[in-house]
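Note sheet for the following structure.
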Amino acid sequence: MKNRPAVELRDVTYYYPNESTPALENVSLRVSYGEFIVVAGPSGGGKSTLCKILLGLIPHLYGGRLTGEAYVDGVNVVREGVKSIVGRVGAVLQVPENQVVNIIVEEEIAFGLENVLYEPDVIVKRVDEVIEGLGISHLRNRATYTLSGGEVQRVALASALAYKPRILILDEPLAHLDPIGVRELLSILHRLYSRDGVTVIAIEHRLTELAKYATRLVILNKRILFDGEPERALEHSLTLGMDVPPIVRLFKNIGVSNPPLRLDDAIKELQVLLKNIDLSNFNNYANSSRDRELSREEVIVVEDLWYVYSSGREALRGINLEVRRGDFIAIVGANGAGKTTLIKHFNGLLKPSRGRVLVFSKDTRRHTVAELSRHVGIVFQNPLHQFFEENALREVMFTLRSMGFNNDEGRAMSILKSLNLHSLANKSPYELSVGEQRRLAIASVLVYEPEVIVLDEPTAGIDYSLKMELLRILLNLLEKGKTVIMTTHDVEFLAHAPVNRVVLMSSGEVVAQGDPREILYDAQLLAKARVTLPQIPELVSMAKASSYMKPLNAEELASIVNGSRCMRSG
Amino acid sequence: MAKKSIFENLNYALTYEELKGFYHNIDPRVKLLYAVATIAVLVVNDLQKLLVILAVNVVLTLLYIRILNRLAALLKSLSIIIALIVVFNTVISLLLTGWRLNIYSLFETQAKAILRVFIAAIAVTMFLATTTPWEIVQGLSKIGLKYTYLYTFIIALRFIPIVFNEMKSIYDAQRSRGLELEKGGVLSRVRKLTPIVVPTMVCSMLRARDLVEAMELKGFGYSNRRTSHKPLKLRRIDAGFALTIVIVYASIALVPVI
């Protein structure tokens with residue numbers, strides 16, 4: 001009994017009902033008590049499936065065919081099902097909002113304990129403890145539907161921890177958090193692991209912040225491709241096109257073996273490297289602005305825009321903004337900063353409470369959404385909010401028709417082709433993968449060729465390789481002379497995207513706008529907007545090198561270092 | 001400020017308020033009794049008695065004065081219905097009496113109808129705004145109803161605003177693709193709802209799946225009974241409140257009209 005593992009999978013293969021290819025294939029995994037293990041892998045690689053097997057939900061609720069054995073905390077979960085792990089294992093699944101059953105936070109935390117018949121005084125004590133432990137006493141009597149995304153997740157975590165589980169399983173816990181929220185959650189998880197000895201199993205592909213906390217990393221793509229120390233795994237995952245901390249990518253590009261995972265170690269390494277470099281003599285990124293030659297034509301003008309919701313909340317407070325033809329603009333800010341409210345004014349979905357918005361010199365208050373959408377196409381965050389047709393082609397044709405174009409199938413097919421979706425034209429939108437759905441949503445806006453394309457949090461919920469694919473699509477649009485605006489709190493994506501202007505928002509106001517090299521290096525400014533520095537700017541700032549260079553991503557910094565090395569040797 | 005829609009007013013009026021007040025501490029069973037008794041006593045068909053009942057309820061709101069905001073919101077959202085009732089009643093009475101109606105009795109009927117709506121609104125708002133659904137479930141399960149059924153009610157309350165918001169986002173997404181609901185005849189408008197109804201249903205089903213998983217993981221249905229972190233106890237103040245209500249209402253109903 002003593003050496004019983006926390007989790008043991010033996011040769012697990014699983015097919016969803018009516019599927020001929022397995023979602024998982026011969027997966028064997030052994031996790032000891034007291035580990036902090038991260039299971040990473042590409043979208044569609046079976047991470048969530050693995051999580052649901054561990055929790056006894058698959059095949060218990062889903063059906064399908066499973067071979068092999070799975071034990072969690074000594075229980076055969078495949079045979080016994082989800083009921084057998086209630087109270088033993090804490091679980092926080094994706095989309096915490098959907099897991100909260102009750103209306104009051106305190107009741108939600110007590111809910112699980114009441115179901116399994118804990119005594120009232122024990123429940124009260126446990127509730128007090130977790131509320132204290134997670135620092136959420138201010139939320140105790142709040143209604144759950146008034147909480148922010150990060151707060152709801154904290155409540156979901158609290159109700160899982162109320163069981164005092166020895167094992168905690170989280171499925172994509174970082175997916176919808178803004179950068180500060182990510183750091184807060186990770187420090188809680190780290191404390192649970194190090195202080196309370198909880199075994200943490202996190203299913204997550206965003207490794208930039210997470211990798212340094214893990215004692216072990218498993219890379220899963222239907223099979224287990226790697227299982228071992230994070231340091232070694234990351235080298236491996238570079239070749240898989242996965243999200244890897246930028247500092248790892250940096251040192252790999254420079255040619256350092258065993259790249260450091262922690263920022264502190266990276267700073268020392270970088271300082272050593274920089275000592276050997278003649279600083280006055282390289283193609284630096286100090287102040288080279290990304291501002292391309294732009295036309296002066298203003299496509300969207302926002303003048304002293306205020307928007308007040310019917311609840312009386314001021315969502316936008318005096319926004320001024322000019323968008324010129326050919327701009328690539330990122331609207332950056334934490335959840336709730338007002339980013340989505342702002343872009344909904346660009347095609348008239350919302351009308352200003354005060355001030356005005358001009359789209360191609362048309363005042364949005366005097367034009368319909370249909371008219372304005374001709375010029376400004378908005379791609380919203382959740383592709384599932386727009387699919388309703390039988391197949392992908394019809395989905396694209398719908399937009400074309402409602403925008404007043406004829407049933408031009410050739411045009412629809414050519415846009416599908418340009419986004420590499422033409423082979424899926426007859427498939428139902430719901431059968432597509434996450435990345436394909438996202439591309440289809442973009443296709444169904446691009447098809448009528450609006451001059452301005454606006455994307456709301458386009459990187460939410462997609463993995464690194466899909467982000468890079470998205471970036472190529474955006475660059476292609478810019479080359480065609482389109483104007484692109486995106487909202488985001490994904491600072492690492494931002495560091496890769498060649499935006500010419502960053503608009504930083506906080507509490508409904510624009511706190512700064514300008515060149516990304518200025519803004520993404522201004523820690524104080526970003527903190528005000530609850531956004532963190534991207535990792536490379538943070539590294540360069542902490543190595544005190546930001547006065548003579550301002551690279552934004554690993555590739556830029558690597559080329560500075562490599563370039564100047566070449567110069568020395570040549 | 002954008003105008004609140006009927007739904008927003010209704011939602012605001014009837015959802016639990018996070019604050020604490022006199023009624024928050026009253027046993028949910030007693031509050032339920034108050035609401036039911038108030039509606040029951042409205043069968044009295046006398047203007048003066050109804051006015052007294054209104055007065056009693058107004059006095060009761062003094063114990064939790066903040067309720068007035070909500071009451072105002074509720075009445076605002078009900079104003080159209082109230083107006084319809086008045087018009088309908090008048091037309092019906094005129095038709096039935098063959099246009100020979102005395103003005104006073106017409107006025108009296110309308111006044112009684114409006115009073116009933118007002119009084120019921122006070123009691124229902126008070127109950128729903130100060131009682132969490134969880135407490136309602138506790139109260140009802142004491143009466144013997146099974147908690148697994150009662151929870152359907154909590155879940156509906158919790159997810160209605162979420163689904164409603166999601167529908168708004170879906171509408172926005174489809175409008176951005178050129179959907180115009182305002183145009184066309186009735187039939188084509190109904191057909192145009194498909195792009196909104198289908199995604200709403202799909203997203204709701206995904207939510208339902210997530211919720212089922214979460215509830216399984218939290219041991220819902222583990223046993224036929226549940227324990228409670230705040231067991232209900234009838235205190236003296238609860239009994240006193242209940243008794244007062246019953247005595248006052250009974251005497252209003254039973255005392256003969258002078």
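Just so it is clear, the model here is predicted, and its values are computed rather than measured. Keep in mind that the numbers below use all heavy atoms, side chains included, and drop hydrogens, waters and symmetry copies. We name chains A, B, ... by the order of the sequence lines, and we start the count at 1 in each one.
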TODO: With a 4.5 angstrom heavy-atom cut-off, could you sort out which part of A:T368 is near chain B: side chain, backbone, both or neither?
DONE: side chain
Open item on the list: Strictly distance-based, threshold 3.5 Å: is any side-chain N or O of B:K218 a donor or acceptor partner for the main-chain N or O of A:Q99?
Closed with: yes
Task: Contact class of B:Y147 relative to chain A, heavy atoms under 4.5 angstrom - done: side chain
Task: Per-residue contact mode, A:E395 against chain B (heavy atom under 4.5 angstrom) - done: both
Task: chain A interface, residue from B:D210, B:L217, B:V197 that has the most non-hydrogen pairs under 4.5 Å - done: B:L217
TODO: Using a cut-off of under 4.5 Å on heavy-atom pairs, state which of A:V101, A:V89, A:L93 scores highest against chain B.
DONE: A:V101
Open item on the list: Let me confirm one number: the NE2-OH distance from A:H385 to B:Y171, rounded to the nearest 0.5 Å.
Closed with: 16.0 Å
TODO: Specify which of B:G178, B:P231, B:C203, B:S169 makes the most heavy-atom pairs with chain A at under 4.5 Å.
DONE: B:G178
TODO: Report yes if some heavy atom in the side chain of A:F388 is under 4.5 Å from a heavy atom in the side chain of B:I196; otherwise report no.
DONE: no
Open item on the list: Please classify the contact between B:P195 and chain A as side chain, backbone, both or neither, with a heavy-atom cut-off of under 4.5 Å.
Closed with: both
TODO: Can you measure from CD (A:E106) to OG1 (B:T132) and round to the nearest 0.5 angstrom?
DONE: 9.5 Å
Open item on the list: Between B:R158 (side chain only) and A:V100 (backbone N and O only), is there a donor and an acceptor less than 3.5 Å apart?
Closed with: yes
Task: Spacing of NE2 belonging to B:H229 relative to CD1 belonging to A:I123, to within rounding of 0.5 Å - done: 8.0 Å
- [ ] Considering only heavy atoms and a distance below 4.5 Å, find which of B:S223, B:G221, B:S176, B:A208 pairs most often with chain A.
- [x] B:S176
TODO: Tell me, please, which residues at least two apart from A:Y16 pass side-chain contact (heavy atoms from CB on, under 4.5 Å).
DONE: A:Y14, A:E19, A:A23, A:T49, A:I58, A:Y62
Open item on the list: I need the B:W134 CH2 to A:I104 CD1 distance, nearest 0.5 Å.
Closed with: 11.0 Å
Open item on the list: I'd like to check A:L384 versus B:L206 (side-chain heavy atoms, cut-off strictly below 4.5 Å). Are they in contact?
Closed with: yes
Open item on the list: Using heavy-atom distances under 4.5 Å, tell me whether A:K52 contacts chain B through its side chain, its backbone, both, or neither.
Closed with: side chain
Task: Contact origin within A:N102 toward chain B - heavy atom pairs under 4.5 Å - done: both
- [ ] Examine whether an atom of A:E97 lies under 4.5 Å from a heavy atom of chain B, and if so say whether it belongs to the side chain, the backbone or both; otherwise answer neither.
- [x] both
Open item on the list: Let's go through B:E180 and A:S402 carefully: what are the C-alpha distance in whole Å and the side-chain angles of both, what is the deciding distance for side chain to side chain donor-acceptor pair (under 3.5 Å) to 0.1 Å, and is it a yes or a no?
Closed with: CA-CA 8 Å; B:E180 284 184 287; A:S402 32; over 6 Å; no
Task: Side chain / backbone / both / neither for A:L117 at chain B, heavy atoms under 4.5 Å - done: both
Task: Segment of A:L372 engaging chain B (4.5 angstrom heavy-atom cut-off) - done: neither
Open item on the list: Please classify the contact of B:I162 with chain A as side chain, backbone, both or neither, using a heavy-atom distance under 4.5 Å.
Closed with: side chain
- [ ] Just give me the residue among B:K230, B:E213, B:E166, B:M215 that pairs up with chain A most often, heavy atom to heavy atom, under 4.5 Å.
- [x] B:E213
TODO: Using a cut-off of under 4.5 Å on heavy-atom pairs, state which of B:P133, B:A173, B:S228 scores highest against chain A.
DONE: B:S228
Task: Distance in Å, A:N115 CG paired with B:T227 OG1, rounded so as to fall on 0.5 Å steps - done: 8.0 Å
TODO: Could you check which of B:M201, B:R207, B:R225 has the highest count of heavy-atom pairs closer than 4.5 Å to chain A?
DONE: B:R207
- [ ] Could you check whether the rings of B:Y151 and A:F111 sit parallel, tilted or perpendicular, using 30° and 60° as the cut-offs?
- [x] tilted
TODO: Check whether any side-chain heavy atom of B:E216 sits under 4.5 Å from a side-chain heavy atom of A:L61, and report yes or no.
DONE: yes
- [ ] Find out whether A:S373 and B:R175 are in side-chain contact, i.e. whether some heavy atom of one side chain is under 4.5 Å from a heavy atom of the other.
- [x] no
